[in-house]
Visitor: 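So that we are looking at the same thing, I have put the structure below in structure tokens.
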Amino acid sequence: MSRMTDVSLIEGATLADGSRSDILIDGGVIRELGSGLNAPAGATRIDANGLLALPGLVDLHTHLREPGYEQSETVLTGTRAAAAGGFTTVFAMANTSPVADTAGVVEQELSLGLDSGFARVQPIGAVTVGLKGERLAELGAMASSRASVRVFSDDGFCVSDPLLMRRALEYVKAFDGVIAQHAQEPRLTEGAQMNEGSLSGELGLAGWPAVAEESIIARDVLLAEHVGSRLHVCHVSTAGSVDVIRWAKARGIPVTAEVTPHHLLLTEDLVRDYDSRFKVNPPLRRREDVEALRHALADGTIDIVATDHAPHPVEAKDCEWDAAANGMVGLESALSVVHEAMIETGLIGWADVARILSQTPAHIGRIEGYERGIAVGAPANVVLYDTSARRSFGTEDLAGKSSNTPYAGIELPGRVLHTFHDGYATVADGHVLDSAVVAEKARSFRAAGAGGAAAAAGGAVRG
Amino acid sequence: MRHLLSTRDLDRAAAIRLLDIAEDMADTQLREVKKLPTLRGKTVVNLFFEDSTRTRISFEAAAKRLSADVINFSAKGSSVSKGESLKDTAQTLQAIGADAVVIRHGASGAPRTLANSGWIDAGVLNAGDGTHEHPTQALLDAFTIRRRLRPGASRGAGLDGVKVTIVGDILHSRVARSNVWLLDTLGAEVTLVAPPTLLPVDLAAWPARILYDLDVAIDEGRPDVVMMLRIQTERMRDAFFPNPREYSRRWGLDDERLARLGPDSIVMHPGPMNRGLEISSRAADSAMSTVREQVSNGVSVRMAALYLLLSGNTEEGS
């Protein structure tokens with residue numbers, strides 16, 4: 001059986017807790033940990049001295065664009081970008097065309113991910129039909145589908161109708177689902193172009209006030225408390241939102257929250273030259289907000305980092321600010337940005353990174369295999385990261401289809417050198433591997449693992 | 001001067017130099033033959049994505065009196081309205097050899113994007129972008145104030161200590177923004193008067209005093225200059241104010257308020273005016289009003305701006 005899949009011996013890696021260990025990967029799972037492990041015949045040996053081994057990263061918020069917007073990204077190119085960034089699972093947002101609001105679309109998304117093989121693609125279902133905010137999509141059908149959807153979101157739009165939000169929160173309790181809310185009061189943000197404050201007034205750009213986010217979060221945590229449902233808040237961007245979530249958690253409300261890498265590093269001052277690479281929704285905020293978000297992530301008020309990877313073709317950004325699309329690609333740069341914003345500042349350690357970028361996002365999304373991190377018997381999702389590297393980030397570091405990164409020319413620490421997904425390599429020596437090779441590895445893994453422990457651990461959804 | 005995108009970028013010396021050149025231009029406009037050969041062979045494109053006949057003809061007159069070739073490119077009825085991008089339009093203008101592009105655009109920052117893009121080599125002159133800036137309007141306003149307050153002796157002078165009160169829709173006004181920065185640079189004391197809904201939420205960084213009450217501004221502020229901004233009645237649909245009558249009562253320059261201004265005060269308006277709304281006819285037509293002067297000064301100031309943009313390029317090239 002093991003001949004069907006890869007055997008790799010990672011030698012001398014540093015684990016997130018600071019200890020050193022070899023990691024033997026075989027049959028898609030971590031077989032053995034310890035020092036001086038013997039490499040079985042035919043094993044690929046990887047010298048990981050000086051490299052950090054983290055569990056494969058999990059992104060709860062990725063826009064893969066397929067079906068419908070393949071000029072921006074496809075499942076294949078998006079999961080290549082994921083692998084380049086050390087991700088082994090991405091949750092695919094529902095705002096495709098057609099919208100992922102039926103079992104058929106989420107199953108198609110799932111299949112495309114399995115074919116690609118670069119990362120597990122776990123579809124997110126729309127809360128409302130067509131993201132229109134009018135009536136509930138078939139949440140139960142998506143939950144029972146082969147895609148086993150547990151996360152539902154109208155991301156891009158807010159479920160602003162309070163009654164509809166209440167019903168959605170209640171309904172998904174039947175299958176342990178969670179509503180991931182894009183918190184944006186629509187009336188308060190009509191035509192909004194950037195954070196509302198001193199700079200928006202000077203630049204003459206319509207403001208996106210913090211209160212438009214904070215008021216929805218406040219309403220939603222109270223609704224979640226009232227009906228006893230899980231709520232997840234997407235891309236928290238303001239200091240006031242942090243205060244509301246901190247209050248809700250202290251009250252015992254089952255709310256989780258994410259922050260994007262860009263909101264941990266970049267501020268609204270970058271908008272001053274109307275460079276549309278910095279146009280994103282929610283918008284870049286003030287330095288005080290960035291500081292509050294970092295501290296909230298460090299103290300657990302914010303649970304996870306999620307990329308909101310939002311690819312766009314060149315023409316969608318190569319225009320005046322008002323006409324430019326919102327969004328930034330983020331998968332390839334996420335770990336380096338978290339490294340810069342959270343590790344270099346001493347706010348958290350690498351074990352926390354494993355928690356906020358792997359274990360907890362998997363738990364919120366109710367997928368298994370990530371709860372133990374790098375442990376014997378766990379699915380072999382591993383990333384090897386060179387923490388000592390420093391580089392000027394550039395489009396050559398991108399592996400997806402689009403190049404709308406805000407970090408071009410910015411110096412960032414660290415570099416992903418190897419990514420293993422289900423025991424086979426998707427990135428080696430800093431290079432994303434050939435798509436056909438990876439697709440074949442994925443097929444072999446599925447064939448070998450059918451009915452096996454690895455597939456069960458890596459593929460099942462807790463029901 | 002490579003581009004003229006905002007007054008916030010202008011330092012005091014550059015602003016005064018431009019105003020002084022505008023004085024020279026104004027002098028030439030008193031001659032029988034108004035046309036100068038200065039920009040012969042240069043091509044100026046008026047690229048207007050928004051309708052503005054007044055601003056366009058002012059720029060057109062300025063360019064023509066400097067002997068430049070003028071091409072008017074209006075978005076209405078052109079390929080722009082069929083979805084051609086700013087980039088494609090810019091590259092078209094580059095291909096036909098534009099030396100300067102005078103751009104009016106509904107999106108704040110579009111002139112900056114054009115100037116920074118690398119799509120075009122021409123100098124870019126902002127003729128009003130969204131709710132951001134309208135630098136030549138502020139320059140012609142400063143020019144007008146300087147001339148009125150220092151008749152015959154305005155050259156080289158700033159506006160030090162001059163009290164200017166700007167009244168109206170500050171939030172959406174590119175004229176107000178450009179005036180605030182330029183007037184402050186020239187040493188004037190600026191007061192903004194508006195309903196709170198029509199002010200940006202955070203004005204701490206603006207070099208201006210903020211008042212909600214026009215009567216306080218007139219009676220306690222004793223302004224040398226009162227500048228009324230056009231109020232767009234459609235704003236009341238978005239609940240910025242209840243209705244035009246209430247706006248006019250509280251923030252309009254009516255006859256009674258006009259009478260309380262000092263005898264040497266001046267009344268300005270960038271036009272077009274809503275007579276009876278933000279300004280009464282008596283105020284608009286009084287001897288204190290500079291409304292028509294502003295229009296003729298606009299040509300002189302725009303001649304100066306085009307001269308600095310285009311003759312500067314020639315010097316660099318030779």
Side-chain angles (χ1 to χ4, degrees), chain A residues 185-214 238-240 267-279 283-289 312-326 408-409, chain B residues 5-9 47 49 80 83-91 103 105-119 126 128-134 169-178 180-181 192 194 198-208 210 237-239:
Chain A
E185 213 298 312
R187 284 280 285 155
L188 287 174
T189 51
E190 280 174 14
Q193 295 292 327
M194 71 170 293
N195 178 51
E196 180 165 294
S198 176
L199 189 59
S200 67
E202 179 194 324
L203 296 180
L205 291 173
W208 200 129
V211 63
E213 175 173 305
E214 293 152 6
T238 78
T267 65
E268 63 171 356
D269 303 306
L270 292 161
V271 179
R272 183 170 280 288
D273 281 336
Y274 301 92
D275 182 340
S276 62
R277 287 184 302 146
F278 301 110
K279 185 171 176 181
L284 300 180
R285 304 286 188 184
R286 306 162 304 159
R287 171 57 55 192
E288 304 92 289
D289 295 300
H312 289 291
V314 170
E315 60 271 20
K317 289 287 194 180
D318 216 2
C319 53
E320 63 274 21
W321 181 274
D322 282 18
N326 279 308
Chain B
L5 303 176
S6 71
T7 59
R8 201 173 183 275
D9 302 334
L47 177 58
F49 291 85
V80 172
E84 182 177 309
S85 68
L86 179 61
K87 179 178 179 173
D88 291 329
T89 306
Q91 288 176 337
I103 179 174
H105 202 292
S108 298
R112 173 85 60 188
T113 299
L114 186 63
N116 290 349
S117 64
W119 301 328
N126 180 5
D129 61 328
T131 54
H132 176 226
E133 285 223 31
H134 192 355
D169 183 358
I170 309 295
L171 179 63
H172 300 97
S173 176
R174 49 196 173 209
V175 175
R177 281 173 183 74
S178 283
V180 165
W181 304 121
L192 303 176
L198 290 174
L199 288 165
V201 290
D202 181 356
L203 288 165
W206 290 34
I210 313 299
R237 281 205 305 272
D238 297 324

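Reminder, nothing fancy here: chain letters follow the sequence lines and each chain counts from 1. All heavy atoms count here, side chains included; hydrogens, waters and symmetry mates do not.
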Visitor: Contact part of A:Q193 toward chain B, heavy-atom cut-off under 4.5 Å: side chain, backbone, both or neither?
Guide: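 The answer is neither part of A:Q193.
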Visitor: What class does the angle between the rings of B:H105 and B:F49 fall in, given that below 30° is parallel, 30 to 60° is tilted and above 60° is perpendicular?
Guide: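 Rings of B:H105 and B:F49: tilted, 30 to 60°.
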Visitor: Taking all non-hydrogen atoms of both residues, which atom of A:D322 and which atom of A:K279 are closest, and how far apart?
Guide: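 That would be O-NZ, 3.2 Å.
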Visitor: Checking B:R174 against chain A: side chain, backbone, both or neither under 4.5 Å from a heavy atom?
Guide: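 For B:R174, there is no contact with chain A at all, as no heavy atom is under 4.5 Å.
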Visitor: Chain A heavy atoms under 4.5 Å from B:T131: which part of the residue, side chain, backbone, both or neither?
Guide: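 Looking at B:T131, backbone and side chain both touch chain A.
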Visitor: In plain terms, say whether A:D275 and A:K317 are close enough for a salt bridge, that is, a side-chain N and a carboxylate O under 4.0 Å apart.
Guide: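 Looking at A:D275 and A:K317, the cut-off is not met.
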Visitor: For chain A, which of B:A205, B:P200, B:A204, B:A107 has the most heavy-atom pairs under 4.5 Å?
Guide: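 Of the options given, most contacts go to B:A107.
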Visitor: Specify which of B:A115, B:G109, B:P111 makes the most heavy-atom pairs with chain A at under 4.5 Å.
Guide: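 Option with the top pair count is B:G109.
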Visitor: I'd like to know which of A:E196, A:E190, A:E320 tops the heavy-atom pair count under 4.5 Å against chain B.
Guide: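 Highest number of heavy-atom pairs under 4.5 Å: A:E320.
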Visitor: Which of the residues A:L205, A:D318, A:L199 is involved in the greatest number of heavy-atom pairs with chain B at under 4.5 angstrom?
Guide: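 With the most close heavy-atom pairs to chain B, the winner is A:D318.
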Visitor: Is the shortest side-chain N to carboxylate O distance from A:R286 to A:D289 below 4.0 Å?
Guide: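 Yes.
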Visitor: Parallel, tilted or perpendicular, judged at 30° and 60°: which one describes the rings of B:W206 and B:W181?
Guide: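 Rings of B:W206 and B:W181: tilted, 30 to 60°.
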Visitor: Go through the atoms of B:H172 and report whether side chain, backbone, both or neither lie under 4.5 Å from a heavy atom of chain A.
Guide: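 For B:H172, there is no contact with chain A at all, as no heavy atom is under 4.5 Å.
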Visitor: Does NZ or CZ of A:R285 fall inside the cone over A:W208's six-membered ring, less than 6.0 Å from its centre and within 45° of the axis?
Guide: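 Checked: cation-pi criterion met.
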